[in-house]
Amino acid sequence: SLARRCHHRSTAMLDVPFLPFCAFLGTLGLLCVAMVGAWCQHWREGFSLDGSSRTFNWHPVLMVTGLVVLYGAAALVYRIPNTWSGPKLPWKVLHGALALGAFVLTVLGLAAVFYFHNSQGTPNMYSLHSWMGLATVLLFSCQWAAGFGAFLLPWAPAWLRALYKPIHVFFGSTILLLSVASCMSGINEKLFFSLKNGTTAYELLPAEAVFANSLGLLILIFGVLVVGALARPSWKRPDSDSLSSRQ
(Lines give C-alpha, C1' and ligand atoms only; values in the text may rest on other atoms or scores of the structure.)
Protein backbone atom coordinates (compact mmCIF):
# COMPACT_ATOMS: atom_id res chain seq x y z
CA SER A 1 0.00 0.00 0.00
CA LEU A 2 0.93 3.65 -0.30
CA ALA A 3 1.28 4.06 3.48
CA ARG A 4 3.62 1.07 3.69
CA ARG A 5 5.78 2.37 0.82
CA CYS A 6 6.01 5.82 2.45
CA HIS A 7 6.98 4.24 5.77
CA HIS A 8 9.66 2.14 4.10
CA ARG A 9 11.00 5.17 2.24
CA SER A 10 11.15 7.29 5.41
CA THR A 11 12.90 4.46 7.26
CA ALA A 12 15.47 4.15 4.48
CA MET A 13 16.11 7.91 4.57
CA LEU A 14 16.88 7.64 8.31
CA ASP A 15 19.15 4.62 7.86
CA VAL A 16 22.50 6.28 8.56
CA PRO A 17 25.56 3.98 8.21
CA PHE A 18 27.21 3.30 11.55
CA LEU A 19 30.82 4.18 10.71
CA PRO A 20 30.09 7.66 9.24
CA PHE A 21 27.86 8.27 12.25
CA CYS A 22 30.76 7.32 14.54
CA ALA A 23 33.11 9.62 12.65
CA PHE A 24 30.67 12.50 13.15
CA LEU A 25 30.24 11.59 16.81
CA GLY A 26 34.01 11.40 17.31
CA THR A 27 34.42 14.84 15.76
CA LEU A 28 31.70 16.19 18.04
CA GLY A 29 33.38 14.66 21.09
CA LEU A 30 36.76 16.14 20.19
CA LEU A 31 35.07 19.50 19.68
CA CYS A 32 33.59 19.30 23.19
CA VAL A 33 37.03 18.59 24.67
CA ALA A 34 38.64 21.38 22.63
CA MET A 35 35.96 23.86 23.63
CA VAL A 36 36.14 23.15 27.35
CA GLY A 37 39.92 23.46 27.17
CA ALA A 38 39.67 26.73 25.24
CA TRP A 39 37.13 28.08 27.73
CA CYS A 40 39.41 27.40 30.69
CA GLN A 41 42.52 28.64 28.89
CA HIS A 42 41.10 31.82 27.34
CA TRP A 43 38.59 33.04 29.93
CA ARG A 44 39.58 31.23 33.16
CA GLU A 45 43.35 31.90 33.17
CA GLY A 46 44.64 28.46 32.19
CA PHE A 47 45.87 25.54 34.27
CA SER A 48 48.16 24.88 37.23
CA LEU A 49 48.52 22.65 40.29
CA ASP A 50 48.94 25.40 42.88
CA GLY A 51 45.48 25.15 44.47
CA SER A 52 44.20 28.32 42.79
CA SER A 53 41.27 28.67 40.40
CA ARG A 54 43.64 27.46 37.67
CA THR A 55 43.76 24.11 39.50
CA PHE A 56 39.97 23.99 39.42
CA ASN A 57 40.12 24.34 35.62
CA TRP A 58 41.36 20.76 35.37
CA HIS A 59 37.98 19.65 36.75
CA PRO A 60 35.74 20.52 33.78
CA VAL A 61 38.33 19.40 31.23
CA LEU A 62 38.86 16.00 32.84
CA MET A 63 35.17 15.45 33.52
CA VAL A 64 34.05 16.22 29.97
CA THR A 65 36.90 14.16 28.50
CA GLY A 66 36.46 11.16 30.78
CA LEU A 67 32.89 11.01 32.00
CA VAL A 68 31.27 12.04 28.70
CA VAL A 69 33.49 11.57 25.62
CA LEU A 70 35.64 8.57 26.58
CA TYR A 71 32.73 6.93 28.38
CA GLY A 72 30.58 7.41 25.27
CA ALA A 73 33.29 5.77 23.16
CA ALA A 74 33.39 2.80 25.55
CA ALA A 75 29.63 2.43 25.36
CA LEU A 76 29.66 2.21 21.55
CA VAL A 77 32.36 -0.46 21.22
CA TYR A 78 29.87 -3.32 20.83
CA ARG A 79 27.96 -1.45 18.13
CA ILE A 80 30.92 -1.70 15.74
CA PRO A 81 29.98 -4.32 13.09
CA ASN A 82 33.43 -5.95 13.33
CA THR A 83 32.59 -7.02 16.89
CA TRP A 84 29.66 -9.12 15.75
CA SER A 85 31.79 -12.09 14.68
CA GLY A 86 34.96 -13.73 15.90
CA PRO A 87 36.27 -13.79 19.46
CA LYS A 88 34.54 -11.39 21.84
CA LEU A 89 37.29 -11.17 24.47
CA PRO A 90 39.43 -8.47 22.74
CA TRP A 91 36.38 -6.22 22.47
CA LYS A 92 35.50 -6.87 26.09
CA VAL A 93 39.02 -5.83 27.07
CA LEU A 94 38.80 -2.69 24.90
CA HIS A 95 35.41 -1.79 26.37
CA GLY A 96 36.69 -2.27 29.90
CA ALA A 97 39.95 -0.40 29.21
CA LEU A 98 38.15 2.62 27.74
CA ALA A 99 35.76 2.69 30.69
CA LEU A 100 38.68 2.38 33.11
CA GLY A 101 40.48 5.26 31.37
CA ALA A 102 37.32 7.34 31.69
CA PHE A 103 37.12 6.46 35.38
CA VAL A 104 40.76 7.44 36.03
CA LEU A 105 40.25 10.84 34.36
CA THR A 106 37.06 11.30 36.38
CA VAL A 107 38.82 10.59 39.68
CA LEU A 108 41.57 13.05 38.76
CA GLY A 109 38.88 15.62 37.94
CA LEU A 110 37.32 15.08 41.37
CA ALA A 111 40.72 15.37 43.03
CA ALA A 112 41.29 18.73 41.30
CA VAL A 113 38.06 20.27 42.58
CA PHE A 114 38.50 18.95 46.13
CA TYR A 115 42.09 20.21 46.20
CA PHE A 116 40.93 23.63 45.00
CA HIS A 117 38.12 23.83 47.57
CA ASN A 118 40.36 22.74 50.43
CA SER A 119 43.10 25.18 49.42
CA GLN A 120 40.61 28.08 49.29
CA GLY A 121 38.66 27.10 52.39
CA THR A 122 35.52 26.49 50.33
CA PRO A 123 33.03 23.87 51.62
CA ASN A 124 32.69 20.67 49.63
CA MET A 125 29.53 18.95 48.45
CA TYR A 126 26.96 21.70 49.05
CA SER A 127 25.44 22.16 45.57
CA LEU A 128 23.07 20.03 43.52
CA HIS A 129 25.80 19.79 40.88
CA SER A 130 28.22 18.25 43.38
CA TRP A 131 25.64 15.78 44.69
CA MET A 132 24.66 14.65 41.22
CA GLY A 133 28.27 14.48 40.04
CA LEU A 134 29.46 12.38 42.99
CA ALA A 135 26.45 10.07 42.68
CA THR A 136 27.29 9.59 39.00
CA VAL A 137 30.91 8.73 39.79
CA LEU A 138 29.91 6.28 42.54
CA LEU A 139 27.41 4.60 40.21
CA PHE A 140 30.08 4.48 37.51
CA SER A 141 32.52 2.76 39.86
CA CYS A 142 29.92 0.14 40.80
CA GLN A 143 29.06 -0.36 37.13
CA TRP A 144 32.69 -0.94 36.17
CA ALA A 145 33.39 -3.33 39.07
CA ALA A 146 30.23 -5.35 38.41
CA GLY A 147 30.92 -5.50 34.68
CA PHE A 148 34.50 -6.61 35.29
CA GLY A 149 33.36 -9.36 37.65
CA ALA A 150 30.53 -10.59 35.44
CA PHE A 151 32.04 -10.38 31.96
CA LEU A 152 35.84 -10.47 32.23
CA LEU A 153 36.53 -12.86 35.10
CA PRO A 154 36.23 -16.53 34.09
CA TRP A 155 34.33 -17.67 37.18
CA ALA A 156 31.04 -15.94 36.31
CA PRO A 157 28.44 -18.52 35.10
CA ALA A 158 26.54 -17.96 31.87
CA TRP A 159 23.21 -17.55 33.65
CA LEU A 160 24.61 -14.74 35.79
CA ARG A 161 25.96 -12.92 32.74
CA ALA A 162 22.61 -13.29 30.94
CA LEU A 163 20.79 -12.00 34.03
CA TYR A 164 23.08 -9.01 34.55
CA LYS A 165 23.57 -7.97 30.90
CA PRO A 166 20.33 -5.93 30.49
CA ILE A 167 20.98 -4.26 33.86
CA HIS A 168 24.51 -3.35 32.75
CA VAL A 169 23.23 -1.92 29.47
CA PHE A 170 20.50 0.11 31.20
CA PHE A 171 22.84 1.64 33.76
CA GLY A 172 25.40 2.35 31.04
CA SER A 173 22.96 4.70 29.32
CA THR A 174 21.75 6.08 32.65
CA ILE A 175 25.28 6.97 33.78
CA LEU A 176 25.98 8.74 30.50
CA LEU A 177 22.83 10.85 30.83
CA LEU A 178 23.71 11.65 34.45
CA SER A 179 27.19 12.65 33.29
CA VAL A 180 25.75 15.01 30.70
CA ALA A 181 23.38 16.52 33.27
CA SER A 182 26.24 16.95 35.75
CA CYS A 183 28.42 18.69 33.16
CA MET A 184 25.66 21.03 32.09
CA SER A 185 24.78 21.99 35.67
CA GLY A 186 28.49 22.48 36.39
CA ILE A 187 28.92 24.82 33.43
CA ASN A 188 25.92 26.84 34.55
CA GLU A 189 27.16 26.97 38.13
CA LYS A 190 30.62 28.11 37.06
CA LEU A 191 29.14 30.91 34.94
CA PHE A 192 26.94 32.09 37.83
CA PHE A 193 29.95 32.21 40.15
CA SER A 194 32.32 33.83 37.66
CA LEU A 195 30.31 36.38 35.70
CA LYS A 196 29.51 38.96 38.34
CA ASN A 197 31.00 41.98 40.11
CA GLY A 198 33.94 43.13 37.96
CA THR A 199 32.93 41.07 34.93
CA THR A 200 30.02 41.44 32.53
CA ALA A 201 26.97 39.93 34.19
CA TYR A 202 25.78 36.52 33.00
CA GLU A 203 22.31 37.80 32.06
CA LEU A 204 23.90 40.24 29.60
CA LEU A 205 25.37 37.27 27.69
CA PRO A 206 29.03 38.19 27.30
CA ALA A 207 31.14 36.16 24.89
CA GLU A 208 32.15 33.69 27.62
CA ALA A 209 28.51 32.96 28.42
CA VAL A 210 27.65 32.34 24.77
CA PHE A 211 30.69 30.08 24.36
CA ALA A 212 30.04 28.06 27.53
CA ASN A 213 26.31 27.74 26.84
CA SER A 214 27.16 26.44 23.35
CA LEU A 215 29.56 23.95 24.92
CA GLY A 216 26.75 22.69 27.15
CA LEU A 217 24.45 22.21 24.18
CA LEU A 218 27.13 20.27 22.27
CA ILE A 219 27.67 18.00 25.29
CA LEU A 220 23.91 17.40 25.41
CA ILE A 221 23.78 16.58 21.68
CA PHE A 222 26.73 14.19 22.05
CA GLY A 223 25.05 12.34 24.93
CA VAL A 224 21.68 12.11 23.18
CA LEU A 225 23.30 10.76 19.99
CA VAL A 226 25.23 8.10 21.92
CA VAL A 227 22.09 6.96 23.75
CA GLY A 228 20.22 6.98 20.45
CA ALA A 229 22.90 4.79 18.87
CA LEU A 230 22.73 2.38 21.81
CA ALA A 231 18.95 2.11 21.44
CA ARG A 232 18.92 1.62 17.66
CA PRO A 233 17.87 -2.02 17.00
CA SER A 234 19.77 -2.44 13.73
CA TRP A 235 23.06 -1.50 15.40
CA LYS A 236 22.76 -3.92 18.30
CA ARG A 237 25.07 -6.92 18.39
CA PRO A 238 23.07 -10.09 17.60
CA ASP A 239 22.71 -12.57 20.45
CA SER A 240 25.22 -15.38 20.24
CA ASP A 241 22.45 -17.97 20.14
CA SER A 242 20.29 -16.21 17.54
CA LEU A 243 19.76 -17.56 14.03
CA SER A 244 21.25 -14.46 12.34
CA SER A 245 24.35 -14.67 14.54
CA ARG A 246 24.90 -18.34 13.71
CA GLN A 247 24.46 -17.60 10.02
Side-chain angles (χ1 to χ4, degrees), residues 17-19 21-23 25-26 29-30 33 62-112 132-183 222-247:
F18 178 78
L19 292 181
F21 174 84
C22 273
L25 202 57
L30 291 176
V33 174
L62 291 171
M63 288 308 197
V64 171
T65 304
L67 206 52
V68 176
V69 177
L70 200 56
Y71 185 88
L76 288 176
V77 163
Y78 290 118
R79 297 300 186 269
I80 301 174
N82 292 342
T83 68
W84 294 1
S85 61
K88 197 174 179 180
L89 181 60
W91 300 104
K92 285 185 179 181
V93 172
L94 177 60
H95 174 74
L98 288 172
L100 181 60
F103 182 71
V104 169
L105 293 181
T106 300
V107 170
L108 292 175
L110 282 181
M132 185 163 52
L134 186 61
T136 303
V137 174
L138 292 176
L139 189 60
F140 184 12
S141 63
C142 294
Q143 168 89 342
W144 193 92
F148 180 81
F151 300 119
L152 278 175
L153 294 183
W155 60 265
W159 65 266
L160 178 61
R161 296 182 181 183
L163 179 67
Y164 176 62
K165 181 182 176 181
I167 300 174
H168 186 76
V169 171
F170 169 78
F171 277 103
S173 297
T174 300
I175 291 168
L176 180 61
L177 292 178
L178 286 173
S179 302
V180 170
S182 298
C183 288
F222 179 88
V224 168
L225 289 178
V226 172
V227 172
L230 293 175
R232 190 180 179 92
S234 61
W235 289 349
K236 291 184 178 180
R237 188 181 193 275
D239 293 332
S240 58
D241 56 349
S242 67
L243 177 61
S244 59
S245 176
R246 289 197 299 268
Q247 289 176 342

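The figures that follow rest on heavy atoms only: side chains count, while hydrogens, waters and symmetry mates do not. Given the structure is predicted, the values throughout are model-derived calculations rather than measurements.
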Go through it in stages, so that I can follow the logic: the residues are L225 and F21, the test is side-chain contact (heavy atoms from CB on, under 4.5 Å), and I'd like the CA-CA distance, side-chain angles, deciding distance and then a yes or no. CA-CA 9 Å; L225 289 178; F21 174 84; 4.0 Å; yes
Please check this pair: side chain of [X] against backbone of [Y], looking for a donor-acceptor N/O pair closer than 3.5 Å.
{"X": "Y164", "Y": "W159", "result": "no"}
{"X": "S141", "Y": "L138", "result": "yes"}
{"X": "H95", "Y": "A74", "result": "yes"}

Please name the pair of heavy atoms, one in [X] and one in [Y], separated by the smallest distance, quoted to 0.1 Å.
{"X": "F18", "Y": "I80", "answer": "CE2-CA, 3.6 Å"}
{"X": "L153", "Y": "G149", "answer": "CB-O, 3.7 Å"}
{"X": "P154", "Y": "R161", "answer": "CA-NH2, 4.2 Å"}
{"X": "Q143", "Y": "F171", "answer": "OE1-CB, 3.5 Å"}
{"X": "L176", "Y": "L67", "answer": "CD1-O, 4.3 Å"}
{"X": "G66", "Y": "A102", "answer": "O-CB, 3.1 Å"}

Quick one: do T106 and M63 satisfy side-chain contact (heavy atoms from CB on, under 4.5 Å)? Show the steps, please. CA-CA 5 Å; T106 300; M63 288 308 197; 3.7 Å; yes
At what distance, to the nearest 0.5 angstrom, does [atom1] of [X] lie from [atom2] of [Y]?
{"X": "L62", "Y": "L110", "atom1": "CG", "atom2": "CG", "value": "9.5 Å"}
{"X": "L70", "Y": "T65", "atom1": "CG", "atom2": "OG1", "value": "8.5 Å"}
{"X": "I175", "Y": "S182", "atom1": "CD1", "atom2": "OG", "value": "11.0 Å"}
{"X": "L89", "Y": "L94", "atom1": "CG", "atom2": "CG", "value": "11.0 Å"}

Is the shortest side-chain heavy-atom distance between R79 and L230 below 4.5 Å? yes
Can you confirm whether V224 sits close enough to V180 that some side-chain heavy atom of one is under 4.5 Å from a side-chain heavy atom of the other? no
If we check side-chain contact (heavy atoms from CB on, under 4.5 Å) with S179, which of these qualifies: V137, T136, V69, T174? T136
Yes or no on side-chain contact (heavy atoms from CB on, under 4.5 Å) for V68 and V33, after CA distance, side-chain angles and deciding distance? CA-CA 10 Å; V68 176; V33 174; over 6 Å; no
Would the Y78 and W84 ring centres measure less than 6.0 Å apart? no
Ring centers of W144, F103 separated by less than 6.0 Å: no
Within 45° cone of F148 ring axis and under 6.0 Å: K92 NZ or CZ: no
